[in-house]
Amino acid sequence: MKTDPEAFIRANTSLMAPPHVPEISLHLASEAHELWLKTEEELEAIGLPPPFWAFAWAGGQGLARYILDHPDMVLGKRVLDFASGSGLVGIAAVMAGAREVVAADIDPWAQTAIRLNAQANHVALGFTGTDLVGASVEADIVLAGDVFYDRGFADALIPWFSKLAGEGRPVMVGDPGRSYLPRDRLEFCAVYQVPVTRELEDSDIKKTTVWRFASALKAG
């Protein structure tokens, strides 16, 4: 029997505020390890990917906080929330006054999570499930929370982000020190101490930095 995404999300999450972005409510897994195991063991047969949409990752929380605290970054602009997951960063962009926000995520279950989370916060978000890496985009600014956790993914993102930045489309990245963060391409914007779930991270607090991606390698 096919599992209904909305029914699954409502049954396995609770509406709660991420600790670093209390203005926003999301459908999040209260028992992180249990949901992750359920997804891997019980639902692998139907092709459900790991539920990244069920957690407020540190990079996303830091980037959402930065956008809410610096609304001029997105005010009146078209925003792409890349690898959106729960939609947290995109929701923050709408709240900060963005003209239009599109959440992009290749996980089809994220589309349902993002729709439910947008409804919970009384905002409107567009959505695309297209793999945008390497493609041209219509956005004025690109937001990406916690995307440098995998070498292959990072290797694909770096030239794409560089191209977008070179076109005059700022790329803002929130990152808690992931292994494949290209520090030689980044300009510091802010740093936060973000509470996280120890079951998924290696600590209760993750030092999370917001960066602006540069179009070329930094000198020196």
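In this chain, residues are counted from 1 in sequence order. All values below come from the heavy atoms of this structure, side chains included, with hydrogens, waters and symmetry mates left out.
Across every non-hydrogen atom of Tyr192 and Arg65, the tightest pair is CE2-CG, 3.6 Å. Of all heavy-atom pairs spanning Ala83 and Val147, the tightest one is CB-CG1, 3.9 Å. Closest non-hydrogen pair, Pro170 versus Arg212, comes out as CG-NH2, 3.5 Å. Closest of all the heavy-atom pairs between Ala214 and Ser162 is O-OG, 4.0 Å. Among all heavy-atom pairs drawn from Gly60 and Val89, the shortest one is O-CG2, 3.5 Å. Shown here for Pro182 and Leu186, the closest heavy-atom pair between the two residues is O-CG, 3.3 Å.
Atom CG of Leu15 sits in a crowded spot, with more than 12 heavy atoms from other residues, nucleotides or ligands closer than 6.0 Å.
When the side chains of ILVMFWY residues are joined at heavy-atom separations under 4.5 Å, either directly or via intervening members, Phe161 and Tyr180 end up in two distinct hydrophobic clusters. The hydrophobic cluster containing Trp211 also contains Tyr149, counting ILVMFWY residues as joined when their side-chain heavy atoms lie under 4.5 angstrom apart, directly or transitively. Cluster membership check: Ile106 does not share its hydrophobic cluster with Leu157, using side-chain heavy-atom separations under 4.5 Å among Ile, Leu, Val, Met, Phe, Trp and Tyr. With hydrophobic clusters built from ILVMFWY side chains whose heavy atoms lie under 4.5 angstrom apart, Phe153 shares a cluster with Val137. Taken together through direct or relayed side-chain contacts under 4.5 Å among Ile, Leu, Val, Met, Phe, Trp and Tyr, Phe213 and Val191 form part of one hydrophobic cluster.
Judged purely by atom type and a 3.5 angstrom limit, Asn121 has no side-chain atom pairing as donor or acceptor with the backbone of Ile24. In this structure, the side chain of Asp105 engages the main chain of Gly85 through a donor-acceptor pair within 3.5 Å. A donor-acceptor pair under 3.5 Å is formed between the side chain of Asn117 and the backbone N or O of His27. Asp175 contributes no side-chain N or O that, together with a main-chain N or O of Gly59, makes up a donor-acceptor pair within less than 3.5 Å. Thr130 places no side-chain N or O within donor-acceptor distance of the main-chain N or O of Thr128, the cut-off being under 3.5 Å.
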Legend entry - Stepwise side chain to side chain contact (heavy atoms under 4.5 Å, CB included) test for Leu132 and Leu80: CA-CA 10 Å; Leu132 296 177; Leu80 175 65; 3.9 Å; yes

Inset, instruction - Begin with the C-alpha distance, continue with both residues' side-chain angles, and end with the deciding distance and a verdict on side chain to side chain contact (heavy atoms under 4.5 Å, CB included) for Trp53 and Ile114. - result: CA-CA 8 Å; Trp53 45 262; Ile114 289 165; over 6 Å; no

Inset, instruction - With side chain to side chain contact (heavy atoms under 4.5 Å, CB included) as the test, would you mind laying out the steps for Arg99 and Lys77 before giving the verdict? - result: CA-CA 5 Å; Arg99 174 160 61 93; Lys77 295 179 180 178; 5.9 Å; no

Inset, instruction - Given side chain to side chain contact (heavy atoms under 4.5 Å, CB included), test Leu26 with Ile91 step by step and report yes or no. - result: CA-CA 10 Å; Leu26 301 173; Ile91 291 168; 4.0 Å; yes

Legend entry - Derivation of the ring pair (Phe, Tyr, Trp, His ring centres under 6.0 Å) call for Phe82 and Trp160: CA-CA 12 Å; Phe82 175 73; Trp160 183 48; 5.1 Å; yes

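The CG atom of Leu125 lies 10.5 Å from the CD atom of Gln119; values are rounded to the nearest 0.5 Å. With values rounded to the nearest 0.5 angstrom, Thr112 atom OG1 is found 9.0 Å from Asp107 atom CG. Between the OG atom in Ser215 and the NZ atom in Lys163 there is a gap of 12.5 Å [rounded to 0.5 Å]. Once rounded to the nearest 0.5 Å, the distance linking OG1 of Thr208 with CH2 of Trp57 reads 12.5 Å. Taking OG1 from Thr13 and CG from Leu116, the interatomic distance works out to 8.0 Å, rounded to the nearest 0.5 Å. To the nearest 0.5 Å, atom CD of residue Glu6 and atom CD of residue Gln111 are 11.5 Å apart.
Salt-bridge check for Arg169 with Glu138: failed, with every basic side-chain N at 4.0 Å or more from each acidic carboxylate O.
A 4.5 Å side-chain heavy-atom check between Phe148 and Val173 finds at least one atom pair inside the cut-off.
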